[in-house]
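So the structure is just underneath, and the comments pick up after that.
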Amino acid sequence: MSEVSAYIAEGDQDAEATVRPKRLAEFIAQHRVRDQLDLLLRGAMGRGTPPDHILLSGPPGLGKPVSVNALVLLEDGSRRRLGDIAVGDRVITRTGEAARVEAVHEQGELDSVRIRTTTGREVVAAPDHPFWTTDGWVKAGDLTVGDRLANVLRPELVADGTEQTEEFALAGYLVGDGCVTNQVTFTSGDDDVLADFRRVCDRLGHPHRTRPNSANSSLVRISGLRGWLAEHGLLDKNAWEKRVPEFVFRGDAWQVSAFLGAYFACDGTVSRRGRDRYDIVIDFYSVSRELLQDVQHLLLRFGIQSRLKLKRGRYQGRPHESWRLSVTSQDDAARFAERITVIGRRGERLREWQPRRDRFEEQLAVDGVASVEPAGLHECRCLTVADDHTFTVNDLVVHNTTLANIVAAELGTGIRVTSGPAIERSGDLAAILTSLAAGDVLFIDEIHRIAKPAEELLYSAMEDFRVDVVVGKGPGATAIPLDVEPFTLVGATTRSGLLTGPMRDRFGFVAHLDFYAAADLESLLHRSARILGVPITDDGAREIAGRSRGTPRIANRLLRRVRDFAEVRGDGTVTIDTAREALQVYDVDALGLDRLDRAVLSALVDSFKGGPVGLSTLAVAVGEQSDTVEEVCEPFLVRAGLLARTPRGRVATDAAWLHLGRALPAGRVSGQNDLFSTDQRFP
């Protein structure tokens with residue numbers, strides 16, 4: 001698959017993680033905080049004592065959680081809810097290999113987005129969670145329609161099932177054309193399929209009897225299967241309720257192929273798309289979307305990408321909805337015919353039409369983004385994964401949490417990571433504190449959301465390195481003092497105003513991380529360009545920095561896009577002209593506004609004469625949800641001085657009119673300070 005070669009190009013491997021600073025010496029900008037933190041750490045190390053507790057406050061973006069209902073692929077082939085993953089589990093990473101889960105981070109209920117892909121997959125994640133794309137790591141909230149996500153093909157699984165291969169085939173047949181309520185039966189009009197089904201029953205020792213069912217089909221009644229069906233979750237399931245049994249996910253390649261082949265022999269079709277004998281389409285049909293989602297995941301294990309779509313029609317004169325899972329790529333069809341053994345007429349047709357393969361094997365497959373929409377509040381969590389630091393959720397590759405660990409790196413100590421929403425009881429915090437080694441760093445993300453009892457327990461731990469654990473209730477309750485090894489607490493928050501006074505006062509060092517100035521972003525871009533091997537001029541770096549909204553992540557992302565443009569349409573060097581032409585292609589204007597930002601300003605100026613106008617009305621005018629406009633567009637537009645929030649509604653400033661090239665309305669005189677009257681574009 002040449003179209004996904006960007007996934008595995010040497011220069012793009014973990015580009016975002018590569019350019020991220022690991023030590024204070026690599027930290028660009030935030031000069032005041034860096035110098036103060038350096039003094040704090042060096043002084044503590046010179047005295048041989050833990051440094052004072054540290055509170056980091058800054059813009060949102062520290063947590064990277066995913067909905068607890070997302071399915072994570074484990075080394076044994078099973079898929080488990082993210083909410084049920086535990087430390088020590090081995091999950092499949094972007095490389096297809098397994099790695100150990102080293103920590104689990106509860107994030108509580110967070111505002112989330114729902115990402116749907118062109119293949120029919122979907123996942124709910126917080127806007128800051130990174131997804132692996134052909135452009136490197138991109139946060140969920142920054143994904144746009146057309147971005148290409150990654151699915152892992154042919155992961156390296158360690159099958160540990162005890163079921164026989166015939167049981168996999170039996171499950172496939174019964175999921176497809178079996179009746180598993182009352183009498184257990186199987187119906188087919190294909191003599192070869194019927195013969196293979198009876199062979200499977202004979203090998204497993206299940207008596208059966210065959211009788212005609214209609215002019216073109218026969219029915220096989222099987223005895224002694226109800227216990228087996230109940231064990232594997234198939235008993236009394238109708239067509240809408242059937243799922244792939246759990247044991248199938250833990251099978252080896254041959255066993256999973258037996259299941260898929262048997263199921264396809266029942267509910268699959270092979271058809272030509274045109275006169276070309278090689279251009280075929282392979283389809284699975286079912287009224288159960290969840291069943292086909294399971295099958296879609298299993299096909300990935302054979303390197304086969306498929307697309308899930310809703311199919312509307314009529315059945316017995318009434319509207320009817322079902323689902324279709326299609327394999328349309330010629331390469332994928334060839335892999336299906338080669339790796340999935342299908343009995344009967346459908347198998348003969350696959351072999352007769354001989355689908356052929358044009359491209360080489362790849363480790364990752366493309367899955368395009370179809371939509372990104374607000375999803376409201378969802379219970380979220382994230383993982384810390386060893387080695388590759390990635391894992392899969394609903395078959396999409398994501399990055400684990402990479403919360404700030406510079407303090408621990410400078411001190412040469414261990415770090416324990418948790419979050420405020422995860423600490424609901426004082427006992428939870430006491431267990432964490434008493435497990436720390438001397439000098440360890442305890443990092444609490446979203447510390448303003450820590451439960452009140454746990455916060456009060458933290459006071460004595462921070463000051464006296466001691467906690468009191470209450471045992472018992474009522475008059476018989478006893479407080480047991482426990483010593484805690486000297487440690488350093490690093491708290492992170494995007495809403496420092498929600499911290500209580502006593503908590504805030506116990507931090508010996510409070511740092512506020514600001515947005516970056518354009519000059520600092522230039523230095524950062526030169527460093528990132530050196531790491532990525534991209535030649536860049538001073539003017540080129542200055543042009544990209546001016547369009548990066550004061551955010552290093554955006555600067556690095558734009559650099560990679562300009563690099564692509566320079567390599568494809570230029571001489572490979574990022575100059576000012578190359579940067580301007582490239583960012584024009586990607587709809588990023590001179591101030592860093594994208595298409596949606598400009599649409600909001602244009603609607604405000606052209607349709608509503610500059611405002612004031614209500615948020616919901618403005619959102620309708622640009623065809624977006626209100627919370628998308630409020631959370632995605634407005635923060636930067638307000639900070640850039642282009643839009644003002646007033647009690648009466650949203651108002652376009654003079655700078656907005658000028659930026660869009662519109663003449664100021666009569667009665668308004670330009671003269672206010674804004675981004676266009678100074679080179680210092682960011683605070």
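Bear in mind that the values here come from a model prediction, so they are computed numbers and not experimental data.
- Between the side chain of Lys242 and the main chain of Gly176, no donor-acceptor pair closer than 3.5 Å is present.
- No side-chain donor-acceptor contact under 3.5 Å links Asp76 to the backbone of Arg250.
- A donor-acceptor pair under 3.5 Å is formed between the side chain of Arg335 and the backbone N or O of Gly303.
- Applying the side chain to side chain donor-acceptor pair (under 3.5 Å) rule to Asp252 yields no partners; only residues at least two apart in sequence or on another chain are considered.
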- Between Gln305 and Asn151, does a side-chain hydrogen bond (donor to acceptor under 3.5 Å, both in side chains) hold up when you go through it step by step? CA-CA 9 Å; Gln305 181 68 288; Asn151 301 142; 2.7 Å; yes
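- Atom CZ of Arg81 has more than 12 neighbouring heavy atoms from other residues, nucleotides or ligands inside a 6.0 Å radius.
- Under the 4.0 Å criterion applied to side-chain N and carboxylate O atoms, Arg80 and Asp89 are assigned as salt-bridge partners.
- For Phe336 and Phe302, the gap between ring centers reaches or exceeds 6.0 Å.
- Two residues are said to be in side-chain contact when any heavy atoms from C-beta on lie closer than 4.5 Å; Leu396 and Asp367 meet this criterion.
- Aromatic ring orientation, His232 versus Trp228: perpendicular (interplanar angle above 60°, classes split at 30° and 60°).
- Applying the side chain to side chain donor-acceptor pair (under 3.5 Å) criterion to Asp395, with sequence neighbours excluded, gives Arg121, His297.
- Put simply, the side chain of Phe264 reaches to within 4.5 Å of the side chain of Val270, judged on heavy atoms.
- A heavy-atom distance below 4.5 Å is found between the side chains of Val101 and Val91.
- For Phe284 and Tyr263, the distance between ring centers is under 6.0 angstrom.
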